[in-house]
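Written below as structure tokens is the structure these notes are about.
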Amino acid sequence: MLDLKKIRDNKEKMTELLARKGFKADFDEILSLDEKRRSAISEVEKLKAERNKVSAEIPALKKQGKPVDNIFAEMRALGEKIAELDRTTNELDEKVFDLLSRMPNVPDEDLVGGEKENNQVIKVVGSKPEFSFPMQNHVDLCTKLGIIDYNRGTKLSGGGFWLYRGDGAKLEWALLNFFISEHLKDGYEFILPPHQLGYNCGFGAGQFPKFSDEVYWLDCDEDRKRNRFMLPTAETALVNMYSGEIIDESKLPMKFFAYTPCYRKEAGSYRAEERGMIRGHQFNKVEMVQYAHPDHSKESFEELVNKAASLIEKLGLHFRISKLAAGDCSASMARTYDIEVWIPSMGIYKEVSSVSNANDYQARRNNTRYRDSKTGKTAYVHTLNGSGLATSRVFPAIIEQYQNADGSITVPEVLVPFMGGQTVIK
RNA sequence: GGAGAAGUAUCGAAGUGGUCGUAACGAGCUGCACUCGAAAUGCAGUUGUCCGGUUUCGGGCACAUGGGUUCGAAUCCCAUCUUCUCCGCCA
């Protein structure tokens, strides 16, 4: 949610920033509605003050035996006026809120405009592996090794689902364990949240109302606000933990991570190009979230990027970090860096982590605040999130980058302890 | 899923249509006093938000949430949510 006061004061600047995201902002409508809203509030509050004043006098008048019927008649008329104006302000309130809640976050000023093609690679780690033998893709490798069962996954649940089997399940679990152990070392609090969330969580995270068709809903009432959905990422849960609360400033930054499967419809995705595990309806992810003081969210952002990168680096995979152009950042986010791993068979880098700073956009939506010791007032926290990491791209990357001539897979060194000492999958 | 009870400030809790209640009383917390210091004691302060002026300020709203009744609602009515107790179900 954008700050209406900022829109009032910096309309041009905000318009320009949103244009970088490819969003044409019409602030005039919202501002004129807000203008009307505020004048209606002023008006109705005067009337209410009057009503309160008269109401306070009534008991005394009654005691003195003075007639009050004429006052009642006047007050009834006043009450009707108030009710009418209340309706008006409520309607305006809702309209302003609705319009405001559909606007995406403004990007940080240092982001370039435009889409994907303007993303900037800011760091490359390692190099593309060279194979002295005919390289295989991860789908063939996994199938031959019997560690991923695509066909039976499809049989159970349809396209976009698969089964991890045997060493495949072990490898997947080892990855998750490795990530978890690293976050614990860094002092992040481990959270296992519910996988079913209420509408308010999707709204708070900034994913609704716009993307509410892209998640799986559990109930079929027509009013989604009363229904629950399967979380598309643990961020949706973590970022709403403190909604409506005022956090002690000294507790910031608060650092969390969670493991959950992520459930996504991924409607209209490119199944043919993205075979195997690249894009499924359910994948495992460890997610990091920080609640930060606005003055220090930049440091938190750097920390999250470094953490995500260090995980992939420790796995010995070739990857790069991209700073996303404004238009490639998701609606809620002010800045995003992607960590992209090399998938040899596809000849491209695929996102394994997306680290973002929402600034106060999410906190405004779900009312997460802290009390600022300098001003003594409440203010919105900054929320940041980053995958740390999603396995569904890391797994294929490992399979492909660590493949051997005989079709076996060398287990990355850091995972060996989590694989019970196993060094190769064959 | 069914029945019953309950949801008031940081916590406990009083308040069943106005005046005595933005909220008693108790605890906590903060400051000050007393003290060599501490404890005890005393005094004072201690919700959020919105609108308007912006240096003290004035006003509105909020007693789970949303409606309703009324001149006036924490208090009465309706719906919803949550918690607790009991019953049922329990792959």
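We name chains A, B, ... by the order of the sequence lines, and we start the count at 1 in each one.
Look at CZ on A:Arg51: it is 7 Å from P on B:C61, rounded to the nearest Å.
Annotation: salt bridge (charged side-chain N to carboxylate O under 4.0 Å, His left out) contacts of A:Asp26 (sequence neighbours excluded): none. Shown here are the salt bridge (charged side-chain N to carboxylate O under 4.0 Å, His left out) partners of A:Glu245, two or more places apart in sequence or in another chain: there are none. Taking A:Glu340 as the reference, A:Arg320 meet the salt bridge (charged side-chain N to carboxylate O under 4.0 Å, His left out) condition, with sequence neighbours excluded.
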Check nucleotides 76-80 of chain B for protein N or O atoms closer than 3.5 Å to its own N or O atoms and list the pairs.
residue: B:U80; atom: O3'; partner: A:Arg226; partner atom: NH2; Å: 3.1

Could you tabulate the donor-acceptor pairs under 3.5 Å formed by side-chain atoms of residues 416-426 of chain A, not counting sequence neighbours?
residue: A:Gln422; atom: OE1; partner: A:Lys170; partner atom: NZ; Å: 2.7
residue: A:Gln422; atom: NE2; partner: A:Asp167; partner atom: OD2; Å: 3.0
residue: A:Gln422; atom: NE2; partner: A:Val424; partner atom: O; Å: 3.0

Would you be so kind as to tabulate the donor-acceptor pairs closer than 3.5 Å made by side chains of residues 90-98 of chain A, with sequence neighbours excluded?
residue: A:Asn90; atom: ND2; partner: A:Asp86; partner atom: O; Å: 3.4
residue: A:Asp93; atom: OD1; partner: A:Arg37; partner atom: NE; Å: 2.7
residue: A:Asp98; atom: OD1; partner: A:Arg102; partner atom: NE; Å: 3.4
residue: A:Asp98; atom: OD2; partner: A:Arg102; partner atom: NE; Å: 3.2

Side chains of residues 70-84 of chain A: which donor-acceptor partners sit under 3.5 Å, not counting sequence neighbours?
residue: A:Glu84; atom: OE1; partner: A:Arg87; partner atom: NH2; Å: 3.4

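Counting only residues at least two apart or in different chains, salt bridge (Lys or Arg N to Asp or Glu O under 4.0 Å) contacts with residues 142-152 of chain A comprise A:Asp149-A:Arg152, A:Asp149-A:Arg165. Pairs engaging residues 176-197 of chain A under the side-chain hydrogen bond (donor to acceptor under 3.5 Å, both in side chains) rule: A:Glu182-A:Lys185, A:Glu182-A:Lys314, A:His183-A:Lys307, A:Asp186-A:Lys307, A:Tyr188-A:Gln290, A:Tyr188-A:Glu303, A:Gln196-A:Arg228 [sequence neighbours left out]. Every pair tested for ring-ring contact (aromatic ring centres under 6.0 Å, His included) that includes a residue from residues 41-61 of chain A fails, sequence neighbours excluded, so the list is empty.
For RNA chain B, each stem of at least three Watson-Crick or G-U pairs (distances under 3.5 Å) is given as range with range: B:1-7 with B:81-87, B:10-12 with B:25-27, B:28-33 with B:41-46, B:47-52 with B:57-62, B:64-68 with B:76-80.
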Original post:
Going 5' to 3' along nucleotides 45-52 of chain B, which nucleotides have protein heavy atoms under 4.0 Å from the base (write B), which only from the sugar-phosphate (write S), and which from neither (write -)?
Top reply: ---SSBBS
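A:Asp69 comes within contact range of no nucleotide atom at all, as no heavy-atom separation falls under 4.0 Å.
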